[in-house]
Amino acid sequence: MTVKPTPFIIPHFSSIQDPRVNRQKKHQLQDIFFISICAAICGAVVQIIWFH
């Protein structure tokens, strides 16, 4: 079986399970990945702060 190449990035993330709580989801996980990749390509610097 051969897989037909797709020009879209988002379907590649569809197999990743979303660990977030359903009631707190405002955006689809696939969209967050796509925006993050676009930002990284454009040179964005991300600062992650963990609250415990």
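Nearest heavy atoms, Gln28 versus Arg20: C-NH2, 3.9 Å.
Sequence neighbours left out, the pairs with a member in residues 25-42 that pass salt bridge (charged side-chain N to carboxylate O under 4.0 Å, His left out) are Asp18-Lys25.
Partners of Ile16 according to the side chain to side chain contact (heavy atoms under 4.5 Å, CB included) rule, which considers only residues two or more places apart in sequence or in another chain, are Phe13, Leu29, Phe33. For Ile35, the side chain to side chain contact (heavy atoms under 4.5 Å, CB included) criterion is met by no residue, not counting sequence neighbours.
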